[in-house]
Amino acid sequence: MKNFMEDLVLELLDEALQANPEFCRCEKCRQEVVLLALSKIKGSYASSLLGEIFARVEQSDRQVRIDVLLAVMQALRQVAAYPRHNGQTKRSEK
Ligand SMILES: [Zn+2]
């Protein structure tokens with residue numbers, strides 16, 4: 001079930017990156033965006049509703065795709081503001 005939402009996040013992330021080439025698409029940032037987006041999606045739906053959501057996603061419900069895309073866009077901006085790809089090694093040096 002979880003993989004299903006993850007697949008949708010990855011699919012929409014690719015779409016968002018194509019439409020917004022200014023965002024970093026390295027492996028680290030992508031992973032970060034996927035994790036952030038997934039936690040946002042989980043936060044915006046009660047867990048009792050998740051089963052229903054997945055059923056709707058299966059029918060490629062437009063509203064679910066829009067919600068997921070919004071979460072992906074928010075996550076992209078968040079990661080772009082504090083990118084991990086060039087901060088991690090330096091931070092541990094200090
Ligand atoms: Zn990056």
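Heavy-atom minimum distance, Ala16 versus Leu69: CB-CD1, 4.2 Å.
Between Arg30 atom CZ and Asp14 atom CG the span is 4.5 Å, to the nearest 0.5 Å. Rounding to the nearest 0.5 angstrom, the gap separating the CD atom in Glu22 from the CG atom in Leu17 is 9.5 Å. To the nearest 0.5 Å, atoms CD (Gln78) and SG (Cys29) are separated by 12.5 Å. Within the model, atoms CD1 of Ile41 and CD of Glu6 stand 10.0 Å from one another, a figure rounded to the nearest 0.5 Å. Rounding to the nearest 0.5 Å gives a distance of 12.0 Å between NZ of Lys40 and CE of Met73. A distance of 8.5 Å separates CD of Glu11 from CG of Asp7, quoted to the nearest 0.5 Å.
A 4.5 Å side-chain heavy-atom check between Leu76 and Leu13 finds at least one atom pair inside the cut-off.
Both Val34 and Val72 sit in one connected hydrophobic cluster of ILVMFWY residues. Membership requires side-chain heavy atoms under 4.5 Å apart, directly or through other members. Using a 4.5 Å cut-off between side-chain heavy atoms of Ile, Leu, Val, Met, Phe, Trp and Tyr, with links allowed through other members, Leu10 and Leu36 fall into the same hydrophobic cluster. A single hydrophobic cluster is seen to contain both Val79 and Phe23, as judged by linkage of ILVMFWY side chains at heavy-atom distances under 4.5 Å, directly or through other members.
No option in Arg77, Arg25, Arg84 other than Arg84 meets the salt bridge (Lys or Arg N to Asp or Glu O under 4.0 Å) test with Glu32.
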